[in-house]
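Position 1 is the first residue of the sequence, and the numbers go up from there.
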Amino acid sequence: KFASIAYDAMHGTRPEDNDGDVTTMNMLKAIEKYLGIEFFCLGFPCQDLSLNGVRNGLKWHCGTCGHEYDPLTVPPEERDKCPNCQSCENISKTRSSLLVYSLEFIRKVKPKVVLIENVANFAKAAKFRPTFELLQKELESYGYSFKFDICNARDFGIPQSRNRVMIVAIHESVKDRDKFKFPEKNYECPHLSFFLEDKSEEVAG
């Protein structure tokens, strides 16, 4: 709730504009509310994909029979059901698998452009390559193109070295979608001193 309060303060939005947890939101209402949107930007938790994390990926674990599976290997309509024992209960999910709920939104709302961001390891690590390819295949099945690039913040004028995979998916309804290209990298990274003031006003205590 504190993140929501901070977001409203920074962007001038209202608490009632927040649809809440993507895992519990009413998808039918969301479809009605957002149908026809042009741009959908998402970043999902990276803890299970990062080099510094436990690297469990998008795995779901069925507590009933012990089966572990990648939800992207299961048809969208059947993902909340264990493919081994068909149980819908006691399924534990990694934080990074929140991506699955966003895919459900994309599948039903069909925004024109989708931008997905996460740690570079998601695209580079051999362990996650099958999941990355399944993501591409699923988006393409919804009528999207799929392009990605590993981008470092320092190459775009930010004084910070931060690698991220950026995925751009453009729906087939968009004319000339194949002309999209990632922006050229600017290797003249400014130093932190460029952003700091030489003098600052004293603030009364």
Side-chain angles (χ1 to χ4, degrees), residues 3 19-28 30-31 34 37 39-111 113-153 162-171 182:
D19 291 311
D21 190 335
V22 70
T23 65
T24 59
M25 68 187 292
N26 187 316
M27 191 59 71
L28 290 176
I31 293 169
Y34 296 108
I37 64 170
F39 190 80
F40 182 57
C41 179
L42 72 106
F44 55 101
C46 67
Q47 292 95 330
D48 301 290
L49 301 169
S50 173
L51 281 170
N52 296 322
V54 292
R55 288 178 280 177
N56 283 329
L58 271 65
K59 299 294 185 185
W60 287 6
H61 179 84
C62 177
T64 302
C65 71
H67 182 63
E68 191 174 70
Y69 63 101
D70 185 328
L72 296 189
T73 62
V74 181
E77 302 85 354
E78 302 173 17
R79 280 182 181 151
D80 280 324
K81 183 169 58 177
C82 173
N84 185 56
C85 70
Q86 306 302 306
S87 173
C88 297
E89 300 178 359
N90 303 320
I91 296 179
S92 58
K93 307 167 183 178
T94 63
R95 286 171 288 185
S96 294
S97 64
L98 282 174
L99 169 65
V100 175
Y101 295 90
S102 295
L103 285 173
E104 179 69 3
F105 181 89
I106 294 169
R107 182 171 74 94
K108 293 183 176 178
V109 176
K110 294 286 196 305
V113 180
V114 175
L115 172 65
I116 303 174
E117 171 272 341
N118 212 289
V119 290
N121 203 43
F122 181 38
K124 293 169 65 176
K127 180 176 182 178
F128 303 132
R129 195 68 196 178
T131 298
F132 192 79
E133 291 174 354
L134 284 169
L135 171 62
Q136 177 177 355
K137 184 177 179 181
E138 181 155 336
L139 286 171
E140 288 175 345
S141 74
Y142 299 160
Y144 287 91
S145 60
F146 187 94
K147 292 185 178 181
F148 74 94
D149 195 10
I150 305 296
C151 302
N152 194 317
R162 184 177 290 268
N163 264 327
R164 289 292 184 270
V165 59
M166 309 298 290
I167 301 168
V168 175
I170 304 176
H171 195 259
F182 282 91

Peer 1: Locate the shortest heavy-atom distance separating Pro45 from Arg95; write the atom from each residue and the value.
Peer 2: CG-O, 3.5 Å
Peer 1: Suppose we call two aromatic rings close when their centres sit under 6.0 Å apart. Are Phe148 and Phe132 close by that rule?
Peer 2: yes
Peer 1: Can you tell me how far the CZ atom of Arg107 sits from the CD1 atom of Ile31, to the nearest 0.5 Å?
Peer 2: 8.5 Å
Peer 1: Determine, stepwise, if the pair Asp19 / Asn26 fulfils side-chain contact (heavy atoms from CB on, under 4.5 Å).
Peer 2: CA-CA 8 Å; Asp19 291 311; Asn26 187 316; over 6 Å; no
Peer 1: Does the side-chain contact (heavy atoms from CB on, under 4.5 Å) test come out yes or no for Trp60 and Ser97, once each step is laid out?
Peer 2: CA-CA 8 Å; Trp60 287 6; Ser97 64; 2.9 Å; yes
Peer 1: Is a side-chain donor or acceptor of Ser145 paired with a backbone partner of Ala169 at a separation under 3.5 angstrom?
Peer 2: no
Peer 1: Ignoring hydrogens and geometry, is there a side-chain-to-backbone donor-acceptor pair from Asn90 to Cys62 under 3.5 Å?
Peer 2: no
Peer 1: Heavy atoms, side chains only, cut-off 4.5 Å: are Phe122 and Leu135 in contact?
Peer 2: yes
Peer 1: Inspect the contact between Lys59 and Glu68 and indicate whether a charged nitrogen and a carboxylate oxygen are less than 4.0 angstrom apart.
Peer 2: no
Peer 1: Looking at every non-hydrogen atom in both residues, tell me the closest pair between Gln47 and Ser96 and how far apart they are.
Peer 2: N-OG, 3.9 Å
Peer 1: Tell me the closest heavy-atom pair linking Phe146 and Glu140, and the distance in Å.
Peer 2: CB-OE2, 4.0 Å
Peer 1: Does atom NZ of Lys124 have more than 12 heavy-atom neighbours, drawn from other residues, nucleotides or ligands, at distances under 6.0 Å?
Peer 2: no
Peer 1: With a 4.5 Å cut-off on side-chain heavy atoms, are Tyr144 and Lys110 touching?
Peer 2: yes
Peer 1: Tell me the closest heavy-atom pair linking Lys93 and Tyr101, and the distance in Å.
Peer 2: NZ-OH, 2.6 Å
Peer 1: To the nearest 0.5 Å, how far apart are CD1 in Ile170 and CG in Leu115?
Peer 2: 10.5 Å
Peer 1: Quick one, Leu49 and Asn121 - any side-chain contact, counting heavy atoms below 4.5 Å?
Peer 2: no
Peer 1: Roughly how far, to the nearest 0.5 Å, is the CD atom of Glu89 from the SG atom of Cys82?
Peer 2: 12.0 Å
Peer 1: Looking at Glu77, I'd like to know if its CD atom is crowded, meaning that more than 12 non-hydrogen atoms belonging to other residues, nucleotides or ligands lie closer than 6.0 Å.
Peer 2: yes
Peer 1: May I ask you to decide whether Glu133 forms a salt bridge with Lys137, counting only side-chain N to carboxylate O separations under 4.0 Å?
Peer 2: no
Peer 1: If we only count heavy atoms from C-beta on, is the Arg79 to Leu72 side-chain gap below 4.5 Å?
Peer 2: yes
Peer 1: Which distance, rounded to the nearest 0.5 Å, do you find between the SG of Cys46 and the CD of Glu117?
Peer 2: 8.0 Å
Peer 1: Is any side-chain heavy atom of Ile116 closer than 4.5 Å to one of Asn118?
Peer 2: no
Peer 1: Among Cys88, Pro83, Ser87, which one satisfies side-chain contact (heavy atoms from CB on, under 4.5 Å) with Cys85?
Peer 2: Ser87
Peer 1: Has Asp48 got a side-chain atom pairing as donor or acceptor with Thr94's backbone, closer than 3.5 angstrom?
Peer 2: no
Peer 1: Quick one: pull up NZ in Lys108 and CD1 in Ile106 and give me the separation to the nearest 0.5 Å.
Peer 2: 13.0 Å
Peer 1: Would you name the heavy atoms of His67 and Asn84 that are closest together and state the gap between them?
Peer 2: CG-CB, 3.6 Å
Peer 1: Measure the shortest side-chain to side-chain distance between Met166 and Asp149 over non-hydrogen atoms and say whether it is less than 4.5 angstrom.
Peer 2: no
Peer 1: With a 4.5 Å limit on heavy-atom distance, are the side chains of Tyr34 and Phe105 in contact?
Peer 2: yes
Peer 1: Could you check whether any side-chain heavy atom of Arg164 comes within less than 4.5 Å of a side-chain heavy atom of Val119, counting everything from C-beta outward?
Peer 2: yes
Peer 1: Distance check, rounded to the nearest 0.5 Å: Leu98 atom CG versus Leu58 atom CG?
Peer 2: 9.0 Å
